Amino acid sequence: MAHWLLKSEPDVFSFADLQRAGVEPWNGVRNYQARNFLRQMAVNDLCFFYHSSTKVPGVAGVARVRRAAYPDNLQFEPSSPYFDAGSPPDNPRWSMVDVAPLTELPRFLSLDELRGVPELGGLRLVQKGNRLSVLPVSDEEFRVIAELGGLTLDALNVHPV
DNA sequence: GCCAACGTTGGC
DNA sequence: GCCAACGTTGGC
């Protein structure tokens, strides 16, 4: 199973919002690299839910993929800020996945704290100039972050959906 | 294909 | 609100 990190501005859509929503289409990604990662996601993959552009940015929870990549409908909605007139309907340019909340992190992990963890030096999130909103997390990085956040491996060893 | 201009992201 | 970093656009 692969692991990922998804960024969201909590003022727009927080982890608590995801918990209320239950399942949410992760739409609006308009960066090719991020899109390619979305397309690599499989059902049941676990994703850290990261709060960006906020007072204390950091990892707030864990979500999981409920539906693999399919066309992002907003690219065909002229009224949407995510509309893309150049996307061919027979070969849509942009994809989205559906995600559902799994669990909040018992201990919120700020970006500042993550930066201080030697094992996470390779994480794209903590590297300079990182702007990707969807990024891969290695198995080892996933374990380190989950444990730092107060999650037992049991808590994450959930039944597939 | 180069690269300057521009827009966006996101930490601070 | 500032600005560094980075991606995209478009003229040439």
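Here is the naming used below: chain letters follow the sequence lines, and residue numbers restart at 1 for every chain. All values below come from the heavy atoms of this structure, side chains included, with hydrogens, waters and symmetry mates left out. Since we're looking at a predicted model, the values are computed, not measured.
The shortest heavy-atom contact between A:Leu132 and A:Asn31 is CD2-OD1, 3.4 Å.
Salt-bridge check for A:Glu147 with A:Arg107: failed, with every basic side-chain N at 4.0 Å or more from each acidic carboxylate O. The existence of a salt bridge linking A:Asp112 and A:Arg115 is excluded, since no basic side-chain nitrogen approaches an acidic carboxylate oxygen closer than 4.0 Å. With respect to A:Arg30 and A:Asp72, a salt bridge is recorded, a charged nitrogen being found less than 4.0 Å from a carboxylate O.
Regarding A:Lys7, its NZ atom lies at a distance of 10 Å from the P atom of B:dT9, rounded to whole Å. Between the CD atom of A:Glu9 and the P atom of B:dT8 there is a distance of 13 Å, given to the nearest Å. Taking atom CG of A:Asn130 as the reference point, atom C1' of B:dT9 lies 9 Å away to the nearest angstrom. One atom, OH of A:Tyr32, and another, C1' of C:dT9, lie 12 Å apart when rounded to the nearest Å. The nearest whole Å value for the distance from the CG atom in A:Leu111 to the C1' atom in B:dC12 is 11 Å. For the pair A:Leu132 CG and B:dT9 P, the computed distance is 12 Å after rounding to whole Å. Distance, A:Glu113 CD to B:dG11 P: 16 Å, rounded to whole Å. The distance from atom CG of A:Asp11 to atom P of B:dG10 is 14 Å, rounded to the nearest whole Å.
For A:Lys128, taking side-chain heavy atoms from C-beta onward, the closest of the listed nucleotides B:dG10, C:dA5, C:dG7 is C:dA5. Residue A:Asn31 has its side chain nearest to C:dG7 when only B:dG10, C:dG7, B:dC12 are considered.
Using a 4.0 Å heavy-atom distance criterion, A:Arg30 is classed as making no nucleic acid contact.
Contact between the side-chain N/O atoms of A:Tyr50 and the OP1/OP2 oxygens of B:dG11 is found at a separation under 4.0 Å.
Heavy-atom distances under 4.0 Å link DNA chain B to A:Ser53, A:Pro57 of residues 53-61 of chain A, given in residue order.
When the ring-ring contact (aromatic ring centres under 6.0 Å, His included) test is applied to A:Tyr50, no partner is found at least two apart in sequence or on another chain.
In this pair, A:Trp4 and A:Phe37 present their aromatic rings tilted. The plane angle is within the 30 to 60° band.
Within the structure, every pair that satisfies the ring pair (Phe, Tyr, Trp, His ring centres under 6.0 Å) test and touches residues 107-153 of chain A, not counting sequence neighbours, is listed here: A:His3-A:Phe142, A:Phe48-A:Phe142.
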